Amino acid sequence: MSTAEAATDELIVRCPGTGKEVGRVPVTSGADVAALAASLRAAQPAWEALGYAGRAAWLHRWRDWMLDNEQQLLALVQSETGKSWNDTNVELPIALEVINYYAKNAASFLADEHPKPHTPAMATKQIAVRFRPHPLIALITPWNGPIGNPMLDLPAALMAGCAALTKPSEVTPLTWAALIDGWKAIGAPPVLDCAQGGGDVGAAVVDVVDMVHFTGSVATGRRIGARCGERLIPCSLELGGKDPMLVLADADLERAANAAVWGGFMGAGQACISVERVYVDAPVFDEFVDLVATKTRALRVGMDPGPKPAFDLGAMATEDQVAIVERHVADALAKGARALTGGRRLDGPGLFYAPTVLVDVDHTMDCMREETFGPTLPIMKVDGTDEAVALANDSAYGLSGSVWTRDRAEGERIAALLEVGAVNLNNVYINLFQLGAPQGGWRDSGVGGRLGGPSGIRKYCREQVVVGDRIAPKSELPWYPASATKLALQARGSRFLGARDWRRRLGLAPRSSQG
Ligand code: NAD
């Protein structure tokens with residue numbers, strides 16, 4: 001069973017929790033992608049001319065529309081992801097916060113800068129650095145957060161003055177289509193639209209825009225990065241992860257175990273910053289594992305309608321994801337690991353996999369090296385922090401990680417040794433919700449980043465430099481005609497300003513040759 005089947009001209013969406021069809025969406029043809037791009041481009045100059053307050057007003061109206069339609073939107077998220085009601089509710093707060101943040105701060109983040117001339121020779125120059133939007137950007141997103149993923153990035157792009165052509169995952173096209181309808185329903189300027197379909201439609205989108213923000217797998221990120229390179233357009237890539245959790249001997253084990261269970265299994269483990277592997281110092285290994293196994297056995301798996309949550313985690317999104325989890329677990333067990341909980345798919349029509357705690361794992365196993373993106377928590381015993389750090393860094397990925405210790409200074413020391421874009425001390429996930437801090441992966445986990453105050457909106461802009469002059473003589477020293485006097489003056493001036501000692505400044509001969 002696949003959650004979205006691509007007929008030639010429409011996506012058929014099935015709920016991963018029930019297997020039932022929940023909607024159909026027409027696939028956007030190549031010609032329609034080009035037409036969408038053209039109409040978005042046509043509308044962009046007026047959007048840019050609206051200014052920050054004008055654009056913020058539309059984003060605020062869209063936010064209010066989301067709040068007024070919250071229950072319908074969350075029901076759609078759940079219907080196409082199969083998440084538990086609890087996990088479904090994570091989505092909307094992200095959208096609200098990011099809209100409010102960039103609507104409030106865009107004007108100051110993109111205010112003109114006026115660097116001072118770097119040398120007295122340029123003292124008369126007046127410099128301005130301006131941030132002008134890429135006219136049309138693409139936002140291509142995966143299925144694990146139908147609202148959250150695009151909304152982490154879109155508000156900054158719209159506030160920068162860009163038009164945006166979005167492409168949600170073919171697995172979860174319904175929620176995003178509803179949000180685009182919402183933008184149109186409030187009467188907002190036609191600078192936001194979406195193309196629907198699979199990778200071929202995504203590729204067509206990349207070909208018609210001026211900048212791409214992509215969130216998704218490493219394999220697709222490489223393809224998009226290569227195509228953007230060919231087209232000489234910028235891209236930012238938020239890719240997969242294999243986030244390590246390092247539990248030191250002095251950690252608060254109860255808190256660490258609670259975090260491991262939530263961080264490993266939230267959204268059925270289908271988050272880029274899920275806890276994918278745990279390294280625990282030998283003296284506390286048994287106690288930590290007991291706590292995690294007990295808490296995991298208590299988890300309730302299923303898709304509930306809300307509003308009172310009856311389950312903790314829900315379904316996996318696709319049959320392909322379940323197959324990856326089954327392969328990783330089978331590989332680990334074959335190489336000597338033990339499953340303390342789960343280790344199997346649950347019966348029933350939906351794509352449910354029992355939360356699985358694995359021990360006796362090592363780095364010969366796929367579950368410790370490849371992104372699983374599922375409800376598995378492999379826990380490995382280590383002999384001290386040096387080994388934990390070495391194993392954490394033994395990975396192609398570098399998205400984020402966490403360090404668990406009561407010693408703050410030691411936590412910060414270890415953070416500096418980890419090859420990842422973010423480290424949470426005694427917490428998981430929480431870096432993503434610091435909108436003033438950038439989220440970006442190292443190594444194969446990405447290029448560029450999102451959020452992070454000014455950098456999260458400046459990436460949607462081109463920098464334009466305007467240099468003026470306080471005085472404007474008829475000619476300047478380097479200008480034609482060439483003359484020995486002007487050349488000598490320039491050479492003397494350059495020497496005077498460039499040298500850092502008086503002999504060279506004044507062009508005197510070295511002392512030894514003065515005789
Ligand atoms: P995916 O790469 O298969 O697909 C993502 C999107 O790219 C989809 O919309 C897809 O249609 C589109 N696409 C596929 N081929 C394309 C092409 N050649 N050109 C343009 N677009 C193309 O990823 P997925 O399976 O949907 O999502 C899971 C992955 O996303 C995981 O690896 C996960 O770690 C990653 N992810 C990363 C972050 C982050 O912020 N770093 C967040 C969420 C998910």
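Counting begins at 1 with the first residue of the sequence. Counting convention: from 1, in listed order, for ligands and their atoms alike. Just so it is clear, the structure is predicted and the values come from calculations on it, not from any experiment.
A cation-pi arrangement is absent between R458 and Y460 under the rule of less than 6.0 angstrom and at most 45 degrees off the ring axis.
Using modelled atom types and a 3.5 Å distance limit, the side chains of N86 and D312 yield no donor-acceptor pair. Using a 3.5 Å distance cut-off with no hydrogens or angles, the side chains of R255 and N426 do not pair a donor with an acceptor.
The protein heavy atom nearest to atom 23 (O) of ligand 1 is S217 N, 3.4 Å. Counting protein heavy atoms only, atom 9 (O) of ligand 1 is closest to T141 O, 2.8 Å. Closest to atom 25 (O) of ligand 1, if we only count protein heavy atoms, is W143 NE1, 3.1 Å. Among all non-hydrogen protein atoms, the one lying nearest atom 34 (O) of ligand 1 is E371 OE2, 2.5 Å. Of the protein's non-hydrogen atoms, P142 CB, 3.1 Å is the one closest to atom 27 (O) of ligand 1. Scanning all protein heavy atoms for the shortest distance to atom 10 (C) of ligand 1 gives E170 OE1, 3.5 Å. When only non-hydrogen protein atoms are considered, atom 28 (C) of ligand 1 lies nearest to F373 CE2, 3.8 Å. Ranking the protein heavy atoms by distance from atom 12 (C) of ligand 1 puts I140 CG2, 3.7 Å first.
Ligand 1 places these atoms under 4.0 Å from at least one heavy atom of N149: 42 (C), 43 (C). Atom numbering of ligand 1 starts at 1 in the shown order; those under 4.0 Å from a heavy atom of G202 are 19 (N), 20 (C), 21 (N). Distances below 4.0 Å separate heavy atoms of R450 from the following atoms of ligand 1: 40 (O). Ligand 1 places these atoms under 4.0 Å from at least one heavy atom of I224: 19 (N), 20 (C), 21 (N). Taking every heavy atom of F214 and a limit of under 4.0 angstrom, the matching atoms of ligand 1 come to 2 (O), 5 (C), 6 (C), 7 (O). Set against the non-hydrogen atoms of K167, the atoms of ligand 1 under 4.0 Å away are 8 (C), 9 (O), 10 (C), 11 (O). Listed by number with element, the atoms of ligand 1 under 4.0 Å from a non-hydrogen atom of S169 are 9 (O).
Within the structure, ligand 1 lacks Q270 among the residues with a heavy atom less than 4.0 angstrom away. Between P168 and ligand 1 there is a heavy-atom distance shorter than 4.0 Å. A heavy-atom separation below 4.0 Å is not found between G441 and ligand 1. For G446, the closest heavy-atom approach to ligand 1 does not fall below 4.0 Å.
Minimum heavy-atom separation, C228 to C235: SG-CB, 3.7 Å.
The shortest side-chain heavy-atom distance between R443 and K242 does not fall under the 4.5 Å cut-off. Contact of the L73 side chain with the W65 side chain is registered, since non-hydrogen atoms from C-beta on lie closer than 4.5 Å.
Between atom SG of residue C461 and atom NE2 of residue H134 there is a gap of 7.0 Å, rounded to the nearest 0.5 Å.
A salt bridge links D210 with R41; the closest basic N to acidic carboxylate O contact falls under 4.0 Å.
Within the set C272, G216, G199, the minimum heavy-atom distance to atom 35 (C) of ligand 1 is found for G216. Closest to atom 41 (N) of ligand 1 by heavy atom, among I273, L239, T220, L432, is L239.
Using cut-offs of 30° and 60° for the angle between ring planes, the W62 and W183 rings count as perpendicular.
Contacts of R227 with ligand 1, taken as heavy-atom pairs under 4.0 Å, are absent altogether.
Remark: K335 NZ is packed, more than 12 non-hydrogen atoms of other residues, nucleotides or ligands lying under 6.0 Å away.
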Let me check something: any side-chain donor-acceptor pairs from residues 449-456 under 3.5 Å, sequence neighbours excluded? List them with distances.
residue: R450; atom: NE; partner: D153; partner atom: OD1; Å: 3.4
residue: R450; atom: NE; partner: D153; partner atom: OD2; Å: 3.0
residue: R450; atom: NH1; partner: Q439; partner atom: OE1; Å: 2.5
residue: R450; atom: NH2; partner: D153; partner atom: OD2; Å: 3.3
residue: R450; atom: NH2; partner: T215; partner atom: OG1; Å: 3.0
residue: S455; atom: OG; partner: G452; partner atom: O; Å: 2.9

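Put simply, the side chain of E276 never gets that close to the backbone of D243: no donor and acceptor are under 3.5 Å apart.
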Review point. Going through the checks in order, is the salt bridge (Lys or Arg N to Asp or Glu O under 4.0 Å) test met by R345 and E319?
Key: CA-CA 11 Å; R345 186 176 177 156; E319 192 71 58; 2.7 Å; yes
